[in-house]
Amino acid sequence: MKKVGVFVCHCGTNIAQTVNCEQLAEAAKTLPGVAYSTEYKYMCSDPGQTMIKKAIEEHNLDRVVVAACSPRMHEATFRKCVNGAGLNPYLLEIANIREQCSWVHSDKTKATAKAEDLIRMAVAKALKNEKLTPSVIPIHKRALVIGGGIAGIQAALDIADTGYQVDLVEREPSIGGKMAQIDKTFPTMDCSACILTPKMVDAAQHPNITIIAYSEVEKVEGYVGNFDVTIRRKATCVDPVKCTGCGLCSQKCPSKTDSEFECNMSQRPAIYSPFPQAIPNKPVIDQEACRYFKTGKCKICQKICASDAVNFEDQDELVTIRYGAIVVATGYSLYDYNQYGEYGYGQYPDVISGLDFERLVNASGPTMGKIKRPSDGQEPKTVVFIKCVGSRDANRGHDYCSRACCMYTAKHATMVRDKIKDSQAVVFYMDIRTPGKNYEEFYLRAVEEYGVTYVRGRVSRIYMESGNLIVQGEDTILGTQILVVADMVVLATAMEAQPDAAEFARKIGITFDQNNFFNEAHPKLRPVETFSAGIYLAGACQGPKDIPDSVAQAGAAAAKVVALLSKDEMATEPIVAEVNTNHCSGCGFCVPVCPYKAISLKTLTERVHGSVAWGPAGKEITRQVAEVNKGLCQGCGACTVNCRSGALDLLGFTNEQILAEVDSL
């Protein structure tokens with residue numbers, strides 16, 4: 001006869017304040033199959049776990065129900081606990097009486113009654129639970145980092161330093177990301193290039209890192225430890241082996257187009273490197289801008305290339321490589337501030353973005369570090385900064401805070417005051433948010449030492465009058481309207497997910513939120529892991545971050561990768577879908593519904609026993625049935641509810657177990 005032990009956790013006052021835990025423990029003793037029941041203030045603590053182990057031994061328990069917080073929080077903890085007592089960890093059941101009960105109710109009587117129901121259901125399911133055994137899969141000891149910004153570079157370096165091979169894939173011709181465009185970093189005002197370029201060189205020279213630039217991930221197949229990734233190497237039309245990087249081809253190229261790196265404020269040739277410190281420092285040909293690809297005439301770069309490196313016949317190449325783990329560090333994009341028509345971006349050339357301003361103040365930028373108005377090249381005397389353009393605005397932008405805008409606006413304002421001595425810097429803001437180390441001091445320094453004027457209020461519109469930009473806003477503290485005659489306006493635009501983030505997430509099998517940022521498995525306990533085992537997140541692809549946070553998360557992701565690659569093989573989660581081939585009709589409806597691409601159709605050959613439908617006994621027939629890749633399956637259960645013939649079941653959450661819960665309720 002099965003014996004169930006019930007252990008009710010107070011969770012301090014998180015549960016006990018709204019639920020009568022003593023009453024729950026007493027009520028559980030009356031449930032069928034329950035041989036022992038008790039309660040404790042912190043069941044996840046060492047004394048609490050010791051209590052569970054002793055009870056299993058003393059009362060010969062073969063099933064355990066813990067009534068506590070969400071299984072996402074501590075299910076792994078309690079599994080280890082019961083396993084340490086000699087019990088199969090999958091004979092444990094969690095009754096969530098915190099998130100699903102105490103946290104969402106205020107009436108203690110009703111909340112206690114509901115908690116009793118949740119425990120009754122958990123006990124009913126526990127009685128139907130069966131032992132599950134993890135399978136073992138090999139680990140391929142090579143890592144892939146997708147995205148060559150500061151987060152991707154740091155993750156690649158940390159992994160490579162432990163001795164594992166790393167491929168760093170970047171869609172642009174050079175690694176470096178947006179940090180390469182920035183002039184200085186807050187709060188220390190260090191030169192961004194002085195921090196980044198040595199990291200780029202380290203990545204290029206590291207014996208364990210292979211940089212695959214100007215390339216994109218086309219397809220990801222396989223599962224943790226064994227990902228087969230197809231990478232598209234885009235045609236550069238320049239042989240990187242033959243090319244010496246002399247730059248003569250770029251100098252002589254007659255075709256010009258706007259430079260993306262310079263935020264379209266200057267032009268570059270059709271054969272180019274994005275910036276002088278680019279790595280790899282080999283040019284690529286922009287086929288959309290190249291005169292030869294548009295007209296069939298030119299080839300000047302090929303004629304003057306002494307090393308014969310230019311090849312106009314170059315084609316995209318697809319390569320498939322196996323990896324044990326993947327780090328996604330694809331970064332962020334900037335909000336399209338054209339949606340704020342009242343700010344005049346695009347209409348007035350002196351209304352620019354924060355990234356535009358970074359290029360203006362950068363010594364290697366289009367103005368060689370001199371702050372000049374784009375309209376006439378004159379030095380601006382009054383510069384207005386507008387914060388939260390696209391952030392904290394659910395109507396036209398995003399409802400979240402972009403985290404870095406307050407600080408980089410303070411940085412920009414101090415740079416104006418520092419470079420233009422008789423200038424005025426005015427900042428319109430909603431709130432000032434300075435959450436990082438020494439950030440508050442940096443903001444106060446901008447106000448007190450540099451004399452930056454902060455106005456709490458929103459700008460309603462910007463218009464031209466007598467050749468000047470007029471910024472009309474409101475000071476909500478004084479309750480008055482304000483007009484500022486400005487020479488230049490800088491918009492602090494929101495950080496948002498990459499335009500193709502949702503498509504990319506589907507391609508590699510991870511989830512994303514309502515803003516298309518990639519989802520972590522748990523915001524507190526698994527902040528760099530995804531729901532797809534073996535795929536990790538780093539940097540602003542998961543949400544807005546500044547450089548320190550991106551670097552820190554990259555190191556955390558690298559640590560997870562190294563922990564995985566250090567094993568020759570790993571145990572997989574046994575709570576996966578299972579196919580009853582006798583019932584499977586081979587309809588294939590389960591294949592597209594699986595978000596992890598874990599289900600495929602296979603041909604099954606079998607000998608029939610004889611029937612009107614199948615023919616005489618002994619005849620061999622072939623039919624299609626579903627097959628689950630247990631390495632890929634994450635146990636979400638989407639396939640089981642989509643299976644018309646009822647052939648799919650989820651181990652640990654079988655139809656019999658779920659119906660037992662329903663019947664008990």
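By convention here, the first residue in the shown sequence is residue 1. Because the structure is predicted, anything quoted here is derived from the model rather than measured.
- Put simply, the side chain of S215 gets close to the backbone of A213: a donor and an acceptor are under 3.5 Å apart.
- To the nearest 0.5 Å, atoms CD1 (I175) and CE (M200) are separated by 5.0 Å.
- No side-chain heavy atom of E170 sits under 4.5 Å from any side-chain heavy atom of I211.
- At a threshold of 4.5 Å between non-hydrogen side-chain atoms, the residues P544 and Y332 do not count as touching.
- No close placement of the F7 and F78 rings is indicated, their centers lying 6.0 Å or farther apart.
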N338 vs D336, side-chain hydrogen bond (donor to acceptor under 3.5 Å, both in side chains): CA-CA, chis, key distance, verdict: CA-CA 5 Å; N338 283 308; D336 180 11; 2.9 Å; yes
Start with the C-alpha distance between L144 and I321, add both sets of side-chain angles, then the distance that settles side-chain contact (heavy atoms from CB on, under 4.5 Å), and finish with yes or no. CA-CA 9 Å; L144 170 66; I321 307 172; over 6 Å; no
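- Judged by distance alone, with hydrogens and angles left aside, the side-chain atoms of R72 form a donor-acceptor pair with the main-chain N or O of A521 at under 3.5 Å.
- If you check the side chains of T320 and T230, you find a donor sitting under 3.5 Å from an acceptor.
- Closest approach of I94 to C69, counting heavy atoms only: CG2-O, 3.5 Å.
- For N629 and Y223, the side-chain atoms include no donor-acceptor pair closer than 3.5 Å.
- Checked by atom type and distance alone, the side chain of D62 pairs as donor or acceptor with a backbone atom of K3 at under 3.5 Å.
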I'd like to know whether D228 forms a salt bridge (charged side-chain N to carboxylate O under 4.0 Å, His left out) with R322, so could you lay out the CA-CA distance, the side-chain angles of the two residues, the decisive distance to 0.1 Å, and finally the verdict. CA-CA 4 Å; D228 291 320; R322 175 162 290 190; 2.8 Å; yes
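- Annotation for L127 and P32: closest pair CD1-O, 3.6 Å, computed over non-hydrogen atoms.
- Side chains of H105 and K110: no donor on one and acceptor on the other come within 3.5 Å.
- Summarising the geometry of I159 relative to A558, their closest heavy-atom pair is CG1-CB, 3.7 Å, with the distance given to 0.1 Å.
- Atom SG of C81 and atom CD1 of I56 lie 6.0 Å apart (nearest 0.5 Å).
- Within a 6.0 Å sphere centred on NZ of K2, heavy atoms belonging to other residues, nucleotides or ligands number more than 12.
- Within 6.0 Å of NZ in K53 there are more than 12 heavy atoms belonging to other residues, nucleotides or ligands.
- Within the 4.5 Å cutoff, the side chain of M495 has no heavy atoms near those of the K545 side chain.
- Contact between D167 and R142 at its shortest, heavy atoms only, is OD1-NH2, 2.8 Å.
- Within the 3.5 Å criterion, the main-chain N or O of D161 finds no donor-acceptor partner in the side chain of D158.
- Annotation: side chain of E496 is in contact with side chain of Y400 (closest heavy-atom distance under 4.5 Å).
- For E130, there are no side chain to side chain donor-acceptor pair (under 3.5 Å) partners two or more places apart in sequence or in a different chain.
- A 4.5 Å side-chain heavy-atom check between V327 and V145 finds at least one atom pair inside the cut-off.
- Taking CD of E172 as the reference point, atom OH of Y214 lies at 8.5 Å (rounded to 0.5 Å).
- Between the CD atom in E578 and the SG atom in C633 there is a gap of 10.5 Å [rounded to 0.5 Å].
- For the pair V284 and K234, the minimum side-chain heavy-atom distance is 4.5 Å or more.
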Can I get a per-line list of side-chain donor-acceptor pairs under 3.5 Å for residues 500-507, giving both atom names and the distance, sequence neighbours left out?
residue, atom, partner, partner atom, Å
D500, OD1, R171, NH2, 3.4
D500, OD2, R171, NH2, 2.7
K507, NZ, V217, O, 3.3

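- Judged purely by atom type and a 3.5 angstrom limit, D649 uses its side chain to pair as donor or acceptor with the backbone of N655.
- No donor-acceptor distance shorter than 3.5 angstrom exists from the side chain of H74 to the backbone of T77, with no hydrogens or angles considered.
- A distance-only check finds no donor-acceptor pair linking the side chain of D314 to the backbone of A235 [under 3.5 Å].
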For the pair N519 and T530, evaluate side-chain contact (heavy atoms from CB on, under 4.5 Å) and give the outcome as yes or no after the intermediate values. CA-CA 6 Å; N519 278 332; T530 67; over 6 Å; no
Which donor-acceptor pairs under 3.5 Å do side chains of residues 119-126 form with protein atoms, sequence neighbours excluded?
residue, atom, partner, partner atom, Å
R120, NH1, D117, OD1, 2.7
K125, NZ, E93, OE1, 3.0
K125, NZ, N129, OD1, 3.4
K125, NZ, G652, O, 2.6

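- No donor-acceptor pair under 3.5 Å is formed between the side chain of R98 and the backbone N or O of C9.
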Output, in order, the C-alpha distance, side-chain angles, deciding distance and verdict of side-chain contact (heavy atoms from CB on, under 4.5 Å) for I212 and R233. CA-CA 8 Å; I212 309 176; R233 293 177 178 264; 3.7 Å; yes
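- Listed by first and then second residue, the salt bridge (charged side-chain N to carboxylate O under 4.0 Å, His left out) pairs involving residues 560-577 are R79-E573, K141-D568, E529-K560 (not counting sequence neighbours).
- L31 places none of its side-chain heavy atoms less than 4.5 Å from the side chain of V4.
- With sequence neighbours excluded, no residue forms a side chain to side chain donor-acceptor pair (under 3.5 Å) with Q624.
- Residues that satisfy the side chain to side chain donor-acceptor pair (under 3.5 Å) test with D393, not counting sequence neighbours, are Y340.
- Counting non-hydrogen atoms of neighbouring residues, nucleotides and ligands closer than 6.0 angstrom, the NE2 atom of H583 reaches no more than 12 such neighbours.
- Separation of atoms NZ (K219) and CD1 (I231) is listed at 13.0 Å; rounding is to 0.5 Å.
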Take L651 and I575 through the side-chain contact (heavy atoms from CB on, under 4.5 Å) test and state the conclusion after the steps. CA-CA 5 Å; L651 299 179; I575 298 180; 5.6 Å; no
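- Of the possible polar contacts, none joining the T654 side chain to the L650 backbone as a donor-acceptor pair under 3.5 Å is found.
- The shortest side-chain heavy-atom distance between S333 and P499 falls under the 4.5 Å cut-off.
- Contact record, N88 with L132: ND2-O, 3.2 Å, taken as the closest heavy-atom pair.
- Residues L61 and G5 share a closest heavy-atom pair of CD1-CA, 3.7 Å.
- With values rounded to the nearest 0.5 angstrom, C594 atom SG is found 7.5 Å from L632 atom CG.
- Listed for the Q553 side chain is no donor-acceptor partner under 3.5 Å among the backbone atoms of A538.
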